[in-house]
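When a ligand or atom number is given, it counts from 1 through the structure's own listing order. The analysis underlying the following values was restricted to heavy atoms, covering all of them including side chains, and did not include hydrogens, waters or symmetry mates.
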Amino acid sequence: MTEHLMSTYARLPVAFARGEGAWLWDNEGNAYLDALSGIAVCGLGHAHPEVTEAITRQAARLLHTSNLYRVPLQEELAERLCGVTGMDSAFFCNSGAEANETAIKLARLHGHRRDVSNPQIVVAEGAFHGRTIATLTATGSRRVQAGFEPLAPGFVRAPWADADALAEVARRRNDIVAVLVEPVQGESGIRIPPRGYLADLRRLCDERGWLLMMDEVQSGNGRTGRWLASQYEDAMPDVVTLAKGLANGVPIGACLARGPVAEEFRPGNHGSTFGGNPLASAAALAVLRTIERDRLLARAKELGERIAGGLGRALEGLDAVREIRHRGLMLALELDRPCGELVQRALDERLLINVTAERVVRLLPPLVLGDADADQLVDRLARVIRGFVGQQ
Ligand code: PLP
C-alpha cells in the first residue's frame with residue numbers, strides 16, 4: 001500500500017522484517033544477502049550488538065535536548081572524528097545533503113570574509129551531492145536537476161578527474177573560493193580517479209588559495225579501507241562531509257573543517273534542531289569504536305580484494321563485462337549494456353545489489369561480511385550476470 005506515499009522512488013516489491021549482520025529477512029521469512037547496506041549506510045551490518053546497545057541505553061536515558069545546551073556525546077564525537085580525519089572542528093546535521101549545504105555555506109562565508117563578493121565553487125561532471133536546491137545544482141546530472149529550475153547560482157562545472165582542465169578554469173576566473181569533489185564518485189558508477197588526481201587538486205587549491213572540500217558521504221567512514229577515501233593520497237581536505245555510514249542507520253551528517261575555515265561560523269550563522277543529538281551521537285560513537293576495535297579498515301580492504309578477485313575469476317571470458325573496479329568496499333562491475341533489470345534478477349536470487357549509471361552494478365556490502373558470505377555474494381552475482389548476458 002504505497003498510494004499515500006509521494007512517488008519519488010521506484011520501489012521493489014519486497015519489505016524486510018529484520019536483519020542480522022549481512023542478512024535481511026522478508027515478511028515471509030526468506031533470507032537475502034545484503035550487498036548494498038542500505039546504500040553504504042549499515043557498514044556494521046544489521047542489528048550490530050554494539051550499536052543496538054548504545055542506542056537502547058541512550059534512548060532510556062535521553063534522546064534529545066537542543067543545541068542551545070552543551071551535548072557531551074556530540075563533543076566527544078567531534079573530538080573522535082577530528083582525531084581520525086585530521087580536522088579541527090565539526091558541525092552535525094542529519095543527512096549527506098545537509099552536510100554538503102554546510103560545506104557550501106562555509107565556503108561562501110569564507111569567500112565573503114576575504115572580499116570575494118560573488119564566491120564560486122568548482123564542482124565536477126558526474127558528481128552527486130544531494131537533492132536540496134544547492135546540492136542538486138552542485139550535482140552533475142541533468143536528470144537530478146530537470147524540473148527544479150531555477151538552479152542556485154555560485155557553481156562552476158569542470159570535467160571529472162582532470163586536474164589540468166580545472167587549472168584551466170582557474171586561469172579564467174578570480175572568483176573561485178573552493179573545489180567540491182567526491183574522492184570516488186559513487187552515484188555515477190564508482191568512478192575512481194587516476195592516482196595523483198586528488199594530490200594535484202590539493203596542490204592547485206594551495207596555489208590558488210581555494211578550499212579543497214571532499215564529499216565523503218558515501219566513501220567515508222571506513223568504506224574504502226581508510227577512514228576517508230581522500231587518505232589514499234597526499235590530499236588532506238580543508239572541509240570534509242560525512243553521513244551514510246556514520247551511525248549505521250541512525251540519521252546523522254557531519255561537516256568537518258580544519259585551519260582558518262574551521263573557525264568561520266559564528267553563533268547564528270548555521271544550525272540544526274536535531275543535529276548531533278544524544279541518540280545519533282551515541283550511535284556514531286559506537287560505530288567508530290567498533291571499526292577501530294575490530295580493525296574493520298583493514299578488513300574492508302581485504303574484502304574488496306576478495307570480492308573483486310572472485311568476480312574477475314567467476315566471469316572470466318565474458319565479453320559483456322567491461323571492467324571490475326573497487327576501492328575497498330566500493331565495488332563496480334561495469335557491463336557493455338544497460339543492465340537495470342539485474343536488480344530484480346538478483347532479488348530473485350535473494351541478493352541485494354544496485355545498478356547505477358545504467359550499466360554499472362554497484363556493490364556496497366557491509367564491512368562485517370564474513371569470507372563465506374563474500375564468496376556467496378560472488379557466486380550469486382556471477383550466476384545472475386551469466387544468466388542475464390546469456391539470454392540476450
Ligand atoms: N553526497 C554523496 C556522495 C552521496 O552519495 C549522497 C547520497 O547518495 C549524498 C551526498 C546525499 O546524501 P543524503 O541522501 O543523505 O542527503
Side-chain angles (χ1 to χ4, degrees), residues 6 8-10 36-43 85 91-107 121-141 143-145 148 152 155 160-161 178-193 198 201 212-224 226-230 232 237 239-256 272 274-276 280 283-284 287 327-332 352-357 360 362-365:
M6 291 195 186
T8 48
Y9 301 99
L36 196 57
S37 313
I39 321 185
V41 169
C42 303
T85 60
F91 174 85
F92 292 104
C93 47
N94 314 286
S95 68
E98 278 178 80
N100 287 332
E101 287 275 349
T102 308
I104 292 163
K105 284 181 69 175
L106 256 186
I121 299 171
V122 182
V123 286
E125 284 167 5
F128 185 85
H129 296 300
R131 301 283 192 162
T132 62
I133 292 296
T135 59
L136 74 80
T137 303
T139 291
S141 154
R143 200 175 47 81
V144 170
Q145 296 170 342
F148 301 107
F155 297 94
W160 158 249
V179 176
L180 171 65
V181 289
E182 296 153 87
V184 175
Q185 286 192 337
E187 298 304 302
S188 60
I190 313 290
R191 299 209 287 174
I192 302 165
L198 300 176
L201 282 187
L212 179 58
M213 309 205 296
M214 297 280 189
D215 176 348
E216 299 239 21
V217 166
Q218 193 165 144
S219 59
N221 308 301
R223 172 147 297 277
T224 67
R226 305 269 170 98
W227 284 106
L228 302 175
S230 47
Y232 273 90
V239 176
V240 61
T241 55
L242 300 173
K244 289 192 182 280
L246 185 50
N248 215 50
V250 178
I252 188 170
C255 176
L256 310 172
S272 165
F274 295 123
V287 169
R327 178 135 295 168
L329 285 176
M330 288 183 88
L331 297 117
L352 305 183
I353 60 164
N354 172 250
V355 168
T356 188
V360 179
R362 175 170 54 160
L363 305 173
L364 302 162

Legend entry - Residue, atom name and distance, where the atom is the protein heavy atom closest to atom 1 (N) of ligand 1: Asp215 OD2, 2.7 Å
Inset, instruction - Look at atom 4 (C) of ligand 1 and say which protein heavy atom is nearest, naming residue and atom and giving the distance to 0.1 Å. - result: Phe128 CD2, 3.7 Å
For ligand 1, which atoms, with element, lie under 4.0 Å from some heavy atom of [X]?
| X | result |
| --- | --- |
| Ser95 | 15 (O), 16 (O) |
| Gln218 | 5 (O) |
| Asn100 | 1 (N), 10 (C) |
| Glu182 | 3 (C) |

Legend entry - Min N/O separation Lys244 to ligand 1 under 3.5 Å: yes
Legend entry - Test of proximity, Val217 against ligand 1: N or O pairs below 3.5 Å: no
Legend entry - Contact partition for Thr135 relative to ligand 1, non-hydrogen atoms under 4.0 Å: neither
Inset, instruction - Check Arg131 against ligand 1 and report side chain, backbone, both or neither, counting heavy atoms closer than 4.0 Å. - result: neither
Legend entry - Ala243, Ala138, Ala40, Ala97: member with heavy atom nearest to atom 16 (O) of ligand 1: Ala97
Legend entry - Cys93, Ala127, Gly96, Ser219: member with heavy atom nearest to atom 12 (O) of ligand 1: Gly96
Taking atom [atom1] of [X] and atom [atom2] of [Y], what is their separation to the nearest 0.5 Å?
| X | Y | atom1 | atom2 | value |
| --- | --- | --- | --- | --- |
| Gln185 | Trp160 | CD | CH2 | 4.5 Å |
| Thr241 | Phe91 | OG1 | CZ | 13.0 Å |
| Met330 | Leu364 | CE | CG | 6.0 Å |

Which heavy atom of [X] sits nearest a heavy atom of [Y], and at what distance?
| X | Y | value |
| --- | --- | --- |
| Thr137 | Phe155 | CG2-CD1, 3.5 Å |
| Ala103 | Val239 | CB-CG1, 3.8 Å |
| Ile133 | Glu101 | N-OE2, 4.5 Å |

Inset, instruction - Determine, step by step, whether Arg223 and Glu216 satisfy the salt bridge (Lys or Arg N to Asp or Glu O under 4.0 Å) criterion, reporting the C-alpha distance in whole Å, the side-chain angles of both residues, the deciding distance to 0.1 Å, and the verdict. - result: CA-CA 10 Å; Arg223 172 147 297 277; Glu216 299 239 21; over 6 Å; no
Legend entry - 4.5 Å side-chain heavy-atom contact, His129 and Leu180: yes
Inset, instruction - Give a yes or no on whether atom 14 (O) of ligand 1 lies under 4.0 Å from any heavy atom of the protein. - result: no
Inset, instruction - Please determine which of Asp215, Thr135, Thr132 meets the side-chain hydrogen bond (donor to acceptor under 3.5 Å, both in side chains) test together with Asn100. - result: Asp215
